[in-house]
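Working notes for the structure below.
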Amino acid sequence: MDEAFITPLREKYLQPISALLYPDCGGGCLDSHKAFVVKYALREDLDLSSHYDNAEVTLNVSLGKEFTEGNLYFAEFRQDHKPVPRYTEVEHVPRHGLFHRGGQLHGALPIGSGERWNLIIWMRSSAIRNQLCPMCNRQPDLVPADGFGDGFTGNPRDGQPETVDFCSLT
Ligand SMILES: O=C(O)CCC(=O)C(=O)O
Ligand SMILES: [Fe+2]
């Protein structure tokens with residue numbers, strides 16, 4: 001699915017939108033992703049507690065099916081962290097996609113009935129994360145990995161990460 005669908009989708013459509021929305025978070029230089037589906041149902045997972053994504057930019061597409069409640073909620077960006085987060089609820093309408101920064105604190109409230117499925121695409125910028133890992137807030141030690149790994153896929157020059165020289169809006 002990655003090569004045939006998600007990679008071209010990211011490169012042709014998601015990347016230009018992210019470049020406009022989030023130029024300061026690597027939105028203009030996304031170069032890998034991790035895509036997966038989450039499912040919520042009664043007697044299974046009902047909700048998702050608040051977290052940051054392992055992504056610079058996330059696209060969350062509601063696939064339905066039919067459900068009640070289960071709103072998303074968002075709070076501050078990682079760097080603006082407050083001791084008491086202020087949450088904003090967002091209804092996620094089936095077949096709609098929602099972009100957000102991976103560093104935006106967020107979660108999903110419990111569904112009331114039905115099944116809620118979502119396609120999540122965590123998009124990554126090696127230019128950003130090679131300098132600071134978004135999960136541990138440290139400069140990462142890079143090790144070889146299969147595929148996209150965790151998105152640290154750039155080509156560091158003499159130990160120096162690639163920077164904005166390939167980060168342009170097309
Ligand atoms: O259930 C949702 O819509 C949110 C899922 C999510 O935030 C995630 O998988 O990172
Ligand atoms: Fe998330």
Side-chain angles (χ1 to χ4, degrees), residues 1-2 5-7 9-11 13-15 17-126 128-129 132-138 140 145-153:
M1 183 169 87
D2 267 339
F5 177 45
I6 305 283
T7 298
L9 176 74
R10 168 169 56 79
E11 291 176 351
Y13 298 103
L14 306 180
Q15 153 83 28
I17 297 171
S18 301
L20 287 173
L21 293 176
Y22 308 118
D24 48 341
C25 308
C29 44
L30 302 170
D31 53 3
S32 73
H33 63 265
K34 176 184 166 77
F36 54 96
V37 170
V38 291
K39 176 194 174 190
Y40 306 87
L42 302 184
R43 286 184 291 280
E44 296 180 30
D45 287 338
L46 296 177
D47 58 8
L48 187 63
S49 53
S50 60
H51 63 279
Y52 303 109
D53 291 341
N54 187 350
E56 275 60 61
V57 178
T58 295
L59 175 67
N60 179 340
V61 183
S62 174
L63 304 174
K65 300 179 178 179
E66 284 187 12
F67 59 91
T68 57
E69 303 178 48
N71 281 352
L72 288 169
Y73 57 88
F74 290 90
E76 286 82 13
F77 188 56
R78 184 194 295 278
Q79 274 89 343
D80 311 327
H81 176 77
K82 302 239 171 30
V84 182
R86 289 183 37 197
Y87 289 107
T88 302
E89 250 180 77
V90 180
E91 189 186 353
H92 205 183
V93 178
R95 293 180 297 281
H96 285 206
L98 202 148
F99 275 96
H100 63 85
R101 296 178 293 182
Q104 199 88 38
L105 192 64
H106 64 284
L109 292 171
I111 56 165
S113 64
E115 280 185 16
R116 177 170 177 267
W117 295 65
N118 296 62
L119 170 66
I120 309 291
I121 307 179
W122 284 351
M123 293 178 279
R124 283 127 174 205
S125 162
S126 60
I128 297 289
R129 61 181 43 223
L132 195 69
C133 168
M135 295 290 102
C136 66
N137 275 327
R138 289 200 297 264
D146 287 337
F148 291 135
D150 254 355
F152 303 93
T153 50

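Every number for a ligand or one of its atoms is a count from 1 in the order of the listing.
Of the residues listed (L59, V37, V38), the one engaging I120 in a side-chain contact (heavy atoms from CB on, under 4.5 Å) is V38, and it is the only one.
Between Y73 and Y87, the ring planes are perpendicular. Angles over 60° get that label, and only those under 30° would be called parallel.
Atom 5 (C) of ligand 1 has as its closest protein heavy atom L48 CD2, 3.5 Å. Scanning the protein for heavy atoms near atom 10 (O) of ligand 1, the closest one is D53 OD1, 3.0 Å.
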Original post:
For Y52 and L105, what are the C-alpha separation, side-chain angles and deciding distance, and is it a side-chain contact (heavy atoms from CB on, under 4.5 Å)?
Top reply: CA-CA 5 Å; Y52 303 109; L105 192 64; 3.9 Å; yes
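Of the listed options Y52, Y40, Y73, W122, Y40 places a heavy atom closest to atom 1 (O) of ligand 1. Selection from H51, R116, H92 by nearest heavy atom to atom 3 (O) of ligand 1 gives R116.
Remark: side-chain polar atoms of S125 are paired, donor with acceptor, to backbone N or O of C29 under 3.5 angstrom. The backbone N or O of N60 sits nowhere less than 3.5 Å from a side-chain atom of N118 that would complete a donor-acceptor pair. With H92 contributing its side chain and V90 its backbone, the two residues share no donor-acceptor pair below 3.5 Å.
Contact check for Y22 versus L30: no side-chain heavy atoms found under the 4.5 Å cut-off.
Of all the atoms in ligand 1, the ones that sit under 4.0 Å from a non-hydrogen atom of I120 are 5 (C), 9 (O). When each atom of ligand 1 is checked for a heavy atom of N118 under 4.0 Å away, the hits are 3 (O). Atoms of ligand 1 found under 4.0 Å from any heavy atom of L72, numbered from 1 in the order shown, are 2 (C), 3 (O), 4 (C). The A108 neighbourhood of ligand 1 comprises atoms 1 (O), with distances under 4.0 Å to a heavy atom of that residue. Listed by number with element, the atoms of ligand 1 under 4.0 Å from a non-hydrogen atom of N60 are 2 (C), 3 (O), 4 (C). Atom numbering of ligand 1 starts at 1 in the shown order; those under 4.0 Å from a heavy atom of F36 are 9 (O).
The pair D150-R124 meets the salt-bridge criterion, since a charged nitrogen lies less than 4.0 angstrom from a carboxylate oxygen.
Under a cutoff of 6.0 Å and an axis angle of 45°, R101 and F77 form a cation-pi pair.
When distances from the Fe ion (ligand 2) to the N, O or S atoms of D53 are compared, OD1 comes out shortest.
Of all the heavy atoms of T58, none lies under 4.0 Å from any atom of ligand 1, so neither backbone nor side chain is involved.
Between H106 and ligand 1, at least one N/O pair is under 3.5 Å apart.
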